[in-house]
Each structure stands twice: as structure tokens, then as C-alpha cells.
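We count ligands from 1, going down the list as the structure has it; atoms in each ligand are counted the same way.
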Amino acid sequence: MDMLNDPALEAFRDEVRAFLAEALPDDLRRAASRATSVFHDPAVSLPWQRILHARGWVAPDWPAEFGGPGWSEIERYIFTAECARAGTPNLAPMGLKMVAPVIMHYGSAEQRAHYLPRILSGEDYWCQGFSEPGAGSDLAALQLRAVPDGSDYVLNGSKIWTTHAHFANRMFALVRTSSEGKPQAGISFLLLDMATSGITIEPIRTLAGDHEFNQVFFDDVRVPQANRLGGENEGWSVAKHLLTFERGGKYAPGLMARLTRLRAQSVADPVLRAQLDREAIALHALQALELKAMRGVGGSTALYASALKILGTESAQRIDTLACEAAGYAAWADADGQAPAELAVAVPRYLNDRAASIYAGSNEIQRDLIARLMLG
Ligand SMILES: Cc1cc2nc3c(=O)[nH]c(=O)nc-3n(C[C@H](O)[C@H](O)[C@H](O)COP(=O)(O)OP(=O)(O)OC[C@H]3O[C@@H](n4cnc5c(N)ncnc54)[C@H](O)[C@@H]3O)c2cc1C
């Protein structure tokens with residue numbers, strides 16, 4: 001933890017703080033504080049993305065050659081923590097954090113040159129087409145067919161739970177290009193344009209009543225074979241690579257900032273305060289693990305990605321429960337109905353975060369992966 005308090009980093013931290021104080025507009029800060037999902041609407045996330053892009057700070061994790069700021073691991077962690085502290089909008093992860101690293105790794109020179117700048121600027125907004133009605137945890141069972149026809153594939157089938165498909169102009173998708181051998185061996189990874197003829201998007205309402213995800217239908221959709229990332233029938237490796245970016249990451253900074261706001265706004269109830277304090281200790285332990293993961297100490301990337309996903313999402317759900325309790329007290333004490341944002345959105349956030357232990361691979365599946373990685 002001393003890494004975060006290294007005096008040599010103070011100038012960097014001050015620079016970030018000064019920028020955030022200057023550049024984050026009040027309306028975006030307010031909208032972010034009222035968001036009920038980790039997936040902020042593009043009306044909130046994209047204006048902030050453009051501001052960060054103009055400063056060259058939109059993709060802290062990207063190598064400098066592709067447009068990253070060239071920060072060290074610890075500087076990136078501090079940047080995340082300062083953004084959480086300032087209450088910035090969350091940027092959509094599907095482009096910047098998920099498909100971009102695999103385009104860098106598996107993409108041709110043309111694919112990199114075409115897609116990466118558009119991801120940075122926000123010109124392309126991506127969604128993830130992995131899950132299907134019959135393929136969730138057992139993702140390799142996916143059936144959306146892609147049949148070669150001339151220089152195209154023709155796609156038929158559907159994807160489900162597709163977050164923000166109704167906002168996206170691009171999808172990265174896993175498709176079945178062969179039924180021979182193991183199911184994993186017949187999957188390819190495609191980058192496709194959501195405006196292509198034959199794609200239909202049907203909304204699905206969440207438990208909290210939001211329109212956040214969708215079912216996407218493909219009816220004779222033609223996708224150029226040149227839009228494949230990696231070799232034909234080699235998409236499973238691309239997907240596995242991508243999933244470590246989807247699962248891994250930095251959960252503690254955002255949760256700590258949230259807990260700090262909650263503690264500041266909470267009632268004086270000693271039991272509730274003790275529970276918040278216990279959660280704060282758990283978050284410090286999570287942060288220590290994230291810093292270890294960052295340096296690759298004592299475990300593989302995949303092992304840390306699964307462990308952090310479990311710990312981060314379970315902590316979020318416990319904080320949601322405490323926020324609902326605090327909101328109950330506040331509602332009782334708050335005669336004029338002006339509860340702070342953290343409490344006003346406690347219930348929809350609680351409902352929305354039920355999904356956190358399901359998406360990006362359920363926590364049961366993560367436990368299974370950890371067991372297999374540890375026990376061989
Ligand atoms: C809010 C939200 C957003 C999502 N966004 C996207 C998206 O943008 N793109 C996308 O492709 N997908 C998305 N998903 C889908 C997500 O990846 C799947 O829901 C997840 O992988 C689980 O699959 P399933 O829903 O089919 O459940 P199932 O696989 O049917 O699992 C049902 C239950 O059985 C348990 N289970 C299943 N197999 C095992 C096993 N072997 N051992 C132990 N327990 C097991 C699971 O843990 C779960 O509790 C999203 C899901 C949610 C909730």
C-alpha cells in the first residue's frame with residue numbers, strides 16, 4: 001500500500017486532481033452520481049470521454065504507441081482512484097477495455113489503424129455479442145452460424161443480454177464457423193457493423209426496470225471475412241484473452257469512493273457505522289490484492305482476474321445492502337425529501353448490482369476456474 005503514498009508520485013497526483021477539478025463539468029458529475037448502473041448511458045459517458053481524449057488520458061492502460069499516456073502501473077491506479085474520488089462518469093468498457101486489447105494483439109495493421117483511433121475518440125461505440133439463449137456459462141455451446149459465401153460470412157441466429165446494443169454502432173461477436181471436433185475449435189471472432197441489413201434489436205428490461213441490455217437477432221446478415229479477428233475457428237483464444245480484461249481490473253478505488261460518500265452521509269447509528277467500517281477494511285485488503293495483481297506477484301493474470309471479479313462484485317453487493325439500510329434511516333429523518341444522491345439511488349443500484357455476480361462469467365464459474373488453476 002506504501003506504493004500509493006510514494007512522495008515521488010505526489011506531483012502526478014496533484015496534476016490529475018487539478019485537471020479533474022478544472023475539466024469535469026458539474027452536470028456530468030451530477031449525472032454520474034445519480035447513475036443506477038456501472039454502465040453509464042453514452043449521453044453521460046461520451047462527453048467525458050471526449051474531454052479525456054482531448055487531454056490524451058482516455059486510455060490509461062493502452063501502450064503509448066496506440067495512444068495511451070505512457071503511465072506506469074501505479075500512476076494508472078492513482079488516476080483511477082482520483083477519478084473515482086472526483087465522481088467522474090464511467091466510460092463504456094466494451095471498446096476501450098475489452099475489444100481494443102485484442103485488436104492490438106490479434107488485429108492486422110489495417111484493423112488496428114482503422115478501429116483503435118475510433119475507439120479512443122468514441123466515434124465507435126461497441127457492444128459484446130458472446131452470450132446466446134442456450135450459451136451463457138457454457139459459452140462454447142454457442143450456435144450463431146457464420147457460413148462462408150464469397151468474401152463474406154452469412155450470419156443467422158441470435159445474441160442475448162447484449163449490453164448497450166441499442167446505442168452501439170459496432171459489435172464484437174463469437175460465431176460458429178465449424179461443427180467439427182470440440183465446440184471451442186469451431187468458433188471465430190468477428191467485428192461487425194450494427195447498421196448491417198438483417199440485424200434487429202429487441203430490448204430486455206432489467207429487474208430495476210432499466211433498458212440496459214437486449215436480444216439481437218441476425219437474419220442473413222452479411223459480414224466481410226476481412227472483419228474476422230484472428231484465424232477462422234481460432235476465436236476461442238481471442239475470447240479467452242478478452243475475458244481477462246473484462247474480469248480483471250480495479251474495483252477497490254470506485255468502491256472506496258462510494259463508501260466514503262456513504263459514511264459521510266450516513267446516520268449516527270453505531271451498528272451501521274461499524275458495518276461500514278468493516279467494509280472499509282475489506283476494501284483495503286482488496287486494494288492490496290489489486291496492487292499485487294498489477295505487479296503479477298504470486299499468480300497468473302487469469303487467476304487474479306477471477307479472484308478480483310468475485311471479491312469486487314461481492315463487496316459492491318454488500319455496500320448496496322448497507323446503502324439501502326442507510327437510505328432507510330435517511331428517508332425517516334429526511335422530512336423535505338432532499339436525500340443525497342448516494343442514498344436516493346440506493347435501491348435501484350442494489351437491484352442493478354444483483355447482476356454483477358452474473359455478468360462477465362458468474363461468480364460460481366470464477367470459483368470453478370480458480371479451483372482448476374490452483375489444483376491443476
Ligand atoms: C446485466 C448483464 C449484462 C450482460 N451483458 C452481456 C453482454 O453485453 N454481452 C454478452 O455476451 N453477455 C452479457 N451478459 C450475459 C452473461 O455473460 C451471462 O448471463 C453469464 O455468463 C451467465 O450465463 P447465463 O445467464 O446463461 O446463466 P447460466 O449459464 O444458465 O447459469 C445459471 C446459474 O447456474 C450456475 N452455473 C452454470 N454452470 C455452472 C457450473 N459449471 N458450475 C457451477 N455453477 C454453474 C451459474 O453460476 C448461474 O448461477 C450479461 C448478463 C447480465 C446479467
Side-chain angles (χ1 to χ4, degrees), residues 35-42 45 90-99 102 124-144 155 157-176 183-184 187-192 194 199 201-218 235-236 238-248 305-306 309-310 312-314 316-317 320 348-373 375:
T36 54
S37 166
V38 290
F39 297 106
H40 293 182
D41 272 7
S45 67
N90 293 347
L91 303 185
M94 288 78 86
L96 287 162
K97 293 207 167 146
M98 291 163 61
V99 77
V102 294
D124 280 350
Y125 194 91
W126 288 80
C127 63
Q128 176 187 27
F130 279 15
S131 306
E132 295 182 10
S137 300
D138 184 12
L139 187 57
L142 65 92
Q143 292 300 331
L144 193 146
L155 273 54
S158 93
K159 293 290 174 185
I160 198 165
W161 318 124
T162 322
T163 302
H164 286 194
H166 52 306
F167 296 126
N169 65 334
R170 304 268 165 204
M171 173 190 275
F172 55 91
L174 292 177
V175 298
R176 181 149 302 285
Q184 289 85 346
I187 292 172
S188 299
F189 193 109
L190 296 185
L191 309 172
L192 53 95
M194 292 296 280
I199 296 180
I201 302 169
E202 295 286 345
I204 303 175
R205 296 271 159 200
T206 66
L207 186 63
D210 303 318
H211 176 198
E212 189 170 300
F213 49 27
N214 306 272
Q215 184 161 6
V216 183
F217 296 89
F218 294 79
W236 192 247
V238 185
K240 281 201 297 188
H241 191 76
L242 183 145
L243 284 170
T244 60
F245 295 100
E246 181 177 6
R247 286 174 194 148
S306 293
K309 200 258 163 176
I310 295 170
T313 53
E314 291 185 353
Q317 291 178 342
D320 287 328
R349 262 194 200 164
Y350 171 92
L351 293 173
N352 195 287
D353 262 349
R354 298 289 88 199
S357 44
I358 303 172
Y359 57 64
S362 76
N363 286 11
E364 290 79 20
I365 295 296
Q366 302 313 312
R367 288 189 161 87
D368 194 40
L369 286 172
I370 291 172
R372 273 192 269 161
L373 284 165
L375 303 175

Which is closest to atom 20 (C) of ligand 1 in terms of heavy atoms, Asn352, Ile358, Val38?
Ile358

Can you name the atoms of ligand 1, numbered from 1 with element, that are less than 4.0 Å from a heavy atom of Ala355?
1 (C), 53 (C)

Please tell me if atom 35 (C) of ligand 1 is touched by the protein, where touching means a protein heavy-atom distance below 4.0 Å.
no

Where do His40 and Ser45 come nearest, in terms of heavy atoms and distance?
O-OG, 4.0 Å

May I ask you to check whether Trp161 has an N/O atom sitting below 3.5 Å from an N/O atom of ligand 1?
yes

So which heavy atom in the protein is nearest atom 49 (O) of ligand 1, and how far is it from that ligand atom?
Glu364 OE1, 3.5 Å

What I want to know is whether Asp368 and ligand 1 share at least one N or O pair that is separated by under 3.5 angstrom.
no

Considering only protein heavy atoms, which is closest to atom 9 (N) of ligand 1, and at what distance to one decimal place?
Gln128 O, 2.8 Å

Between the side chains of Asp210 and Ser37, is a donor N or O closer than 3.5 angstrom to an acceptor N or O?
no

Regarding ligand 1, does Asp138 bring an N or O atom to under 3.5 Å of one of the ligand's N or O atoms?
no

Going by heavy atoms, is Thr162 under 4.0 Å from ligand 1?
yes

May I ask you to list the atoms of ligand 1 that are less than 4.0 angstrom from any heavy atom of Phe213?
1 (C), 2 (C), 3 (C), 52 (C)

Is there a protein heavy atom less than 4.0 Å away from atom 28 (P) of ligand 1?
yes

Between Glu132 and Leu174, which heavy-atom pair has the shortest distance, and what is it?
OE2-O, 4.4 Å

Spacing of CZ belonging to Phe167 relative to NE2 belonging to His211, to within rounding of 0.5 Å
7.5 Å

Heavy-atom pairs closer than 4.0 Å: do any link ligand 1 to the side chain of Ile365, the backbone, both, or neither?
side chain

With Trp161 via ring pair (Phe, Tyr, Trp, His ring centres under 6.0 Å) - residues at least two apart
Phe213

Out of Asp353, Thr163, Val216, who is nearest to atom 8 (O) of ligand 1 when you count heavy atoms only?
Thr163

Please examine the side chains of Ile199 and Phe218, heavy atoms only from C-beta on, and report whether any two atoms are closer than 4.5 Å.
yes

Nearest heavy-atom contact between Val216 and Thr162 is CG2-OG1, 3.7 Å

Which residue supplies the protein heavy atom nearest to atom 51 (C) of ligand 1, what is that atom called, and how far is it?
Tyr359 CB, 3.6 Å

On a heavy-atom basis, the closest approach of Ser362 and Ser137 is OG-OG, 4.4 Å

Give the single entry among Ala141, Gly136, Ala135, Ala356 that approaches atom 26 (O) of ligand 1 most closely by any heavy atom.
Gly136

Heavy-atom closest contact (Glu212 atom, His166 atom, distance)
O-CE1, 3.6 Å

Measuring from atom 10 (C) of ligand 1, which candidate in Cys127, Ser131, Ser362 has the nearest non-hydrogen atom?
Ser131

With Phe217 via ring pair (Phe, Tyr, Trp, His ring centres under 6.0 Å) - residues at least two apart
none

At a 4.0 Å threshold, what atoms of ligand 1 neighbour a non-hydrogen atom of Phe130?
11 (O)

Is it the case that ligand 1 has an N or O less than 3.5 angstrom from some N or O of Ser137?
yes

What's the shortest heavy-atom distance between Asn352 and Thr36, and which atoms?
CB-O, 3.2 Å

Can you find a protein heavy atom closer to atom 32 (C) of ligand 1 than 4.0 Å?
no

